[in-house]
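Report on the structure given below.
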Protein chains: 2
Amino acid sequence: MTTEKKPPLGNIKVAMLGGLNEIGRNLAVIEYEESIVVVDCGLGFPDEEMPGVDLVIADTTYLEKNCDRIEGVFLTHGHEDHIGGVPYLLRKIDVPVYGTNLTIGILENKLEEHDIPFEPDLRVVRAGDIIEAGEFTVEFIRVNHSIADACALAIRCDAGTIVHTGDFKLDLSPIEGEIMDIPRLGQIGKEGVKLLMCESTNAERPGYTPSEKRVGQSLENIFTVNANKRIVVATFSSNVHRVQQIINVSAKHGRKVAITGRSMINIVSAALRLEYMKIPEGLLIDLSDIGKYAPNQITVITTGTQGEPLSALSRMAFQTHDKVRLGPNDLVVISASAIPGNEKMIGKIINELLRNGASVFRDDSVSVHVSGHACGEEIKLMIALTRPEYFMPIHGEYRQMSANRGLALDMGIPDRNIFLSEVGKVLEITPSGAAFSGTVPSGKILVDGYGIGDIGSVVLRDRKHLAQDGIIAIVTTIDFDGGFIVSGPDVVSRGFVYVKESEELVEGIRDIACETITACIESGVFDHVEIKAQVKGAVMKFVSSSTGRKPMILPIIMEV
Amino acid sequence: MTTEKKPPLGNIKVAMLGGLNEIGRNLAVIEYEESIVVVDCGLGFPDEEMPGVDLVIADTTYLEKNCDRIEGVFLTHGHEDHIGGVPYLLRKIDVPVYGTNLTIGILENKLEEHDIPFEPDLRVVRAGDIIEAGEFTVEFIRVNHSIADACALAIRCDAGTIVHTGDFKLDLSPIEGEIMDIPRLGQIGKEGVKLLMCESTNAERPGYTPSEKRVGQSLENIFTVNANKRIVVATFSSNVHRVQQIINVSAKHGRKVAITGRSMINIVSAALRLEYMKIPEGLLIDLSDIGKYAPNQITVITTGTQGEPLSALSRMAFQTHDKVRLGPNDLVVISASAIPGNEKMIGKIINELLRNGASVFRDDSVSVHVSGHACGEEIKLMIALTRPEYFMPIHGEYRQMSANRGLALDMGIPDRNIFLSEVGKVLEITPSGAAFSGTVPSGKILVDGYGIGDIGSVVLRDRKHLAQDGIIAIVTTIDFDGGFIVSGPDVVSRGFVYVKESEELVEGIRDIACETITACIESGVFDHVEIKAQVKGAVMKFVSSSTGRKPMILPIIMEV
């Protein structure tokens with residue numbers, strides 16, 4: 001009898017390229033031997049430190065360099081912060097992308113707006129499917145979330161199993177589809193889980209997130225009590241179950257439904273096509289036709305819950321929408337919570353709606369929104385089911401990941417087995433332990449217009465400076481051979497002061513620039529850099545002491 | 001027997017120059033016959049629509065034009081949004097300013113930073129005092145608020161009484177001082193109140209605001225449980241009662257107290273001088289000396305609750321404070337709520353504190369803050385006590401004023417007697433009724449550096465544009481007589497792209513500008529405005545189509 005010796009097990013490596021400490025840009029890289037699987041590839045939105053920037057994506061240099069080893073990108077669900085970066089990744093590398101029906105459907109819509117140099121390899125899976133991916137298998141496991149068809153992933157290799165929760169909650173009475181697959185997660189836990197990568201968004205909140213069905217009950221009450229009003233409901237377009245509930249209650253109360261907002265129209269049509277939504281024949285009408293019905297026979301479903309100034313809701317509130325104006329006969333239901341940072345913009349719309357006589361219901365007064373993320377007890381349930389050896393909080397700000405660590409400690413996972421990572425940091429899991437070991441290239445790539453990554457810290461710093469106090473350009477044409485100023489200095493400013501009312505100030509700047517340049521020329525200083533530095537210094541001193549402001553000073557020397 | 005005929009009663013006029021629809025800049029004008037009284041004169045802070053602006057004050061043109069009729073400025077309490085505009089008003093007109101001891105004390109500190117052309121006429125009053133003010137008398141009535149020595153005002157003239165609540169809450173167990181003067185308000189109500197001007201900040205919240213004492217109880221728990229840590233408490237500097245409670249609990253637990261943050265040091269010293277605060281001998285130590293004590297013998301009281309990047313708390317969190325660095329041995333208590341719009345900045349500090357190992361307690365997990373404003377039931381109590389004929393919600397956004405209207409309706413005030421005003425609108429109260437009648441000059445005045453009112457919409461629009469995509473200056477020196485370009489076009493950009501990595505783009509801009517100008521000259525177009533317009537158009541088209549961005553284009557023509 002011969003005994004075959006198995007080769008020793010290798011190490012699993014896990015790195016997050018996005019999805020830590022900041023909302024958006026979720027991207028996890030998991031490696032074993034020669035295989036890499038990527039989980040999610042999202043985008044984020046700029047904060048106030050990135051003026052003018054449109055989007056933020058993760059630096060994928062590491063994936064580009066190792067593209068031959070990538071077995072696939074596995075998408076947990078169809079939200080922007082999980083799939084929005086896929087088009088940018090596919091522009092660079094051709095890898096298969098796996099996701100459930102709705103996820104891939106939404107991705108297809110997005111890809112149409114991008115110039116991908118090949119036919120993307122998109123592969124639709126169902127919850128329960130197990131995909132072979134090199135050294136790995138990847139199993140899709142049903143979870144509940146604020147978008148349909150969301151999954152967690154069980155990623156297996158010889159060295160063990162990693163469970164990645166994606167975004168999840170437990171909804172015991174979901175609108176369509178199924179309850180989070182508790183038995184399967186429990187079974188996987190029983191078989192042994194090395195690492196649980198668990199989302200942290202609501203980890204600071206105790207208890208359980210309520211079922212989506214609660215929103216339906218609130219809507220039913222609202223529609224019953226406000227039977228005499230036109231009802232406008234604003235919600236996230238991707239929450240097809242929410243939209244379905246609004247449609248159901250409208251149908252029940254004999255209302256026609258009109259839909260507005262580009263992303264709302266896009267997602268609803270995708271959801272209908274893929275049969276994630278059912279709308280009774282004849283219920284949906286065009287927004288142009290709402291005048292044909294009495295106001296109390298109409299529901300309008302719209303985007304704009306975050307106060308976005310160009311959204312349909314904002315335009316309806318500020319009376320600039322070409323088809324709907326909101327007034328005393330309207331009830332506006334904002335079926336969403338405020339994403340931190342958006343409170344003021346949302347407040348502006350609410351104020352304007354009330355000023356025009358409309359009524360406004362928000363989540364803080366009536367339960368018209370529930371979160372899509374697991375609260376403390378749900379995260380503890382996930383830990384109890386999967387019983388992981390190691391735990392990594394992901395998806396959230398540091399405070400949320402820190403709270404998630406607290407939950408893991410409560411569940412008996414020792415502190416040394418909990419890993420709060422940073423973007424780019426590599427967690428290496430060996431047969432005998434786990435520890436951080438080095439980094440891979442990582443960072444934020446800023447997208448502005450068509451430019452991807454051409455906006456750096458210098459440009460952002462300048463934009464912030466320009467926004468604070470504007471700019472003063474001082475242009476002078478000099479004949480260095482003759483040693484005299486040919487033309488100028490001319491002073492042009494933007495964002496500084498209104499020049500017509502500040503002629504004296506501008507005159508003062510011109511005089512100082514002229515004196516400084518003349519002094520340079522007379523003392524034999526012909527170096528442009530040196531002259532500009534002197535002009536900048538002198539003008540800044542004058543402007544700062546006379547106005548208390550520090551605009552950007554831009555001296556320009558033209559030579560003849 | 002002769003009967004003396006009384007002259008017929010005149011009309012009372014009420015206009016708000018600030019304090020409606022936006023936080024800050026509270027300023028009410030009340031007129032009867034030849035007399036004017038002013039209630040509060042605050043300042044506000046700029047929102048994201050006003051980049052670079054330091055402060056916002058109310059347009060006081062109307063007061064300047066009628067300065068001879070002003071009997072006085074009556075301050076309800078010492079918060080910035082109620083007194084911060086006084087120095088700017090006094091720069092222009094010399095009027096007496098009335099306020100309680102602490103209010104005037106804080107104002108005196110502020111006035112030292114301003115250049116007032118005369119000795120300001122500041123008059124200290126006590127709650128209960130009645131001031132003669134031309135046709136009016138003004139009575140100061142004790143209320144509770146998040147600053148000591150706050151008052152409501154009863155403003156009387158022959159035509160009736162107006163009650164202005166200032167900011168208030170009912171605190172049945174205040175830290176020092178007295179409970180809101182319920183009996184006096186009731187008596188005034190019994191005598192008859194024409195108009196109640198009532199603050200609206202918390203009108204959307206049901207119930208009662210808890211007593212300040214609740215915070216003391218929470219602090220006691222926190223200090224007991226965390227006896228082994230250094231404790232840092234961040235709070236609003238003006239809340240002297242809160243600071244007093246932190247000092248009391250520190251003294252009880254054998255801790256020395258160090259104070260940091262400019263405004264905290266200022267207000268504490270004023271409060272001590274005026275005896276609004278009591279600190280046991282030897283308790284206060286200099287921040288430089290905290291190293292002489294064990295961490296668990298130290299409490300640090302600091303500013304920075306709103307995440308202000310330059311605040312002491314922020315510097316301690318980001319390890320740039322020269323005396324304190326916060327780490328695993330520290331507990332940070334944020335004893336304040338977030339002012340809308342500041343959530344993200346506060347979140348950044350919390351994340352950084354946790355990342356450095358410090359613990360953080362906030363209001364959402366433990367009760368370490370209570371509001372200073374009346375909730376629904378307290379506003380209803382104010383209405384019940386004063387029994388006004390007319391009601392005007394003030395101080396708040398429209399949504400809050402709208403909720404306040406709802407409370408007045410609940411209390412039986414008919415809708416036609418409730419007036420939601422706008423800044424500058426005049427409410428005229430005649431013996432037989434009340435109605436809006438015209439406006440007075442009003443608006444926002446922006447303060448930027450030393451400039452007051454020199455920043456207008458054009459400058460703000462330019463600043464926002466500059467922040468979005470930066471600026472491209474295109475400078476060309478032309479000899480129009482000779483009909484040729486002498487020098488340039490030179491292209492200089494800021495906040496657009498990093499030029500070294502975009503040479504091709506800059507080259508393209510230069511070429512297009514050159515072609516355009518050459519074509520102009522060749523076709524006899526010498527008008528600077530026309531040439532600049534053509535350059536701007538051509539370059540914008542090129543830049544927009546090649547980058548998807550719309551920077552500001554600034555063509556400059558120099559003539560030799």
Side-chain angles (χ1 to χ4, degrees), chain A residues 21 47-48 51-52 204 340-341 343-344 347 350-352 354-355 360 364-365 397-399 402 448-451 454-456 458-460 462-471 473 475-477 486-488 490 492 494-498 501-502 544 546-549 552 554 556 558-560, chain B residues 21 47-48 51-52 204 340-341 343-344 347 350-352 354-355 360 364-365 397-399 402 448-451 454-456 458-460 462-471 473 475-477 486-488 490 492 494-498 501-502 544 546-549 552 554 556 558-560:
Chain A
N21 299 324
D47 64 17
E48 65 290 346
E204 291 175 306
E343 293 84 354
K344 274 183 103 167
I350 294 175
N351 286 331
E352 195 62 23
L354 292 170
R355 191 174 281 127
V360 180
D364 42 19
S365 49
E397 297 179 44
Y398 198 90
R399 53 196 283 197
S402 176
D448 184 7
Y450 309 144
D454 63 342
I455 301 288
V458 174
V459 171
L460 291 180
D462 283 352
R463 286 183 182 177
K464 280 184 273 181
H465 187 174
L466 288 165
Q468 279 302 302
D469 284 322
I471 186 167
V475 190
T476 319
T477 307
V486 178
S487 182
D490 281 10
V492 184
R494 288 290 184 275
F496 173 52
V497 288
Y498 194 53
E501 290 170 3
S502 311
S544 169
S546 56
T547 68
R549 297 175 201 168
M552 187 179 280
L554 188 65
I556 302 173
M558 306 289 288
E559 198 168 343
V560 296
Chain B
N21 299 323
D47 64 17
E48 64 291 348
E204 291 175 306
E343 292 83 355
K344 273 181 104 167
I350 294 174
N351 286 332
E352 194 61 24
L354 292 170
R355 192 174 281 129
V360 181
D364 42 18
S365 50
E397 297 179 43
Y398 198 90
R399 53 196 283 199
S402 176
D448 184 7
Y450 309 143
D454 62 341
I455 301 290
V458 174
V459 171
L460 291 181
D462 283 352
R463 286 183 182 177
K464 280 184 275 181
H465 187 172
L466 288 166
Q468 279 303 302
D469 284 323
I471 187 167
V475 191
T476 320
T477 307
V486 178
S487 181
D490 281 11
V492 184
R494 288 290 183 278
F496 173 52
V497 288
Y498 193 54
E501 290 169 3
S502 311
S544 168
S546 56
T547 68
R549 298 174 202 170
M552 187 178 280
L554 187 66
I556 302 173
M558 306 290 287
E559 197 168 344
V560 297

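Note that the structure is a prediction, hence the values are computed from the model and not measured. Lettering of chains follows the sequences in order, A, B, ..., and the numbering in each one begins at 1.
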Do the non-hydrogen side-chain atoms of [X] and [Y] ever get within less than 4.5 Å of each other?
| X | Y | result |
| --- | --- | --- |
| K344(B) | D47(A) | yes |
| I455(B) | R549(A) | yes |
| M552(A) | L466(B) | no |

Give the member of [options] that has the highest number of heavy-atom pairs under 4.5 Å with chain A.
| options | result |
| --- | --- |
| S544(B), G451(B), S487(B) | S487(B) |
| L554(B), T547(B), I556(B) | T547(B) |
| G449(B), G495(B), S546(B) | G495(B) |
| G341(B), G488(B), G470(B), A467(B) | A467(B) |

Heavy-atom pairs under 4.5 Å with chain B - which of [options] has more of them than the others?
| options | value |
| --- | --- |
| D448(A), V486(A), V492(A) | D448(A) |
| H465(A), E352(A), E48(A), K464(A) | E48(A) |
| E343(A), R494(A), R355(A) | R355(A) |
| T476(A), V475(A), V560(A), D490(A) | V475(A) |

With sequence neighbours excluded, residues passing salt bridge (charged side-chain N to carboxylate O under 4.0 Å, His left out) with D469(A):
R463(B)
Please report the shortest heavy-atom distance between Y398(B) and N351(A), naming the atom on each side.
N-OD1, 3.3 Å
Does Q468(B) have any side chain to side chain contact (heavy atoms under 4.5 Å, CB included) partners at least two apart in sequence or in another chain, and if so, which?
none
